[in-house]
Amino acid sequence: MQRLVEGVYHFQTVGFANHRPLFERLTHVQKPLACFITCSDSRINPNLITSTEPGDLFIIRNVGNIIPAHGSDGAGESAAIEFAVEGLEVPDIIVCGHTNCGAMKGLLGSSDDLRRMPAVQRWLHHADATGRIIEENYQHLMDNARLTAAAEVNVLVQVEHLQTLPVIAARLNRGRLNLHAWMYKIETGEIFAYDIQQKQFRLLTELRAAAPAGTGVELASAELERVKA
Ligand code: ZN
């Protein structure tokens, strides 16, 4: 805890002063570039990996970067998404999963692993489709490859859930919103984005020039390239 207190002191004496014009500009208004939905995992820092600053990203985090489908018990998530889309009019929503995700491990493991975490177990039911897709289509993958496949499929499943929310459906219908499925590779810092044409995740820096907006990820989880290395 002492480290955090020292960190706060450092921010107030050095960091804030360095960013004073930015914080003054943000005092009364926020106009984020995108809504960024990712895992609570401490190894992911959305601003760091996108080289963005306070005010740039409206961030929603939870275990497994999950978005409960409309009508299920995800009041917190749907309220935050509604606020981002309707209140702040973000033009883009990114769902970003990651390698070596503890939530995906839980999803793929036996229920015994989650015996002492009943709330997590209940929460992961919102990723049941991910578990089922992996079980039926990715049996040939082992260990880490299977875990990464689960994280990739889960991002696409959650993007599908996103589209069941009325506010999202309406905006998509008007062509005023783009959805993106990303995967962050912790060990290299690389980000992969789902490419609907190629039905696979590709290095985002390669897609940079080709597909600046709207990668159109609807119903993609069923089509994700199944033959993986
Ligand atoms: Zn995670």
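What you see is a predicted model, and the numbers here were worked out from it, not measured in a lab. When a ligand or atom number is given, it counts from 1 through the structure's own listing order.
For the residue pair Asn47/Glu53, the side-chain donor-acceptor check at 3.5 Å is not satisfied.
Protein atoms of type N/O/S that fall under 2.8 Å from the Zn ion (ligand 1) number 3 in this view.
Of the candidates Ile168, Leu165, Thr164, Ser78 forms a side-chain contact (heavy atoms from CB on, under 4.5 Å) with just one, namely Leu165. Ile93 pairs in a side-chain contact (heavy atoms from CB on, under 4.5 Å) with only one of the listed residues (Ile37, Val159, Ile60, Ile67), which is Ile37.
We find the CG-CG distance between Leu107 and Asp128 to be 7.0 Å, quoted to the nearest 0.5 Å. To the nearest 0.5 Å, atoms CD1 (Ile66) and OG1 (Thr130) are separated by 7.5 Å.
Within the 6.0 Å centre-distance limit, the rings of Phe16 and Phe23 are counted as a close aromatic pair.
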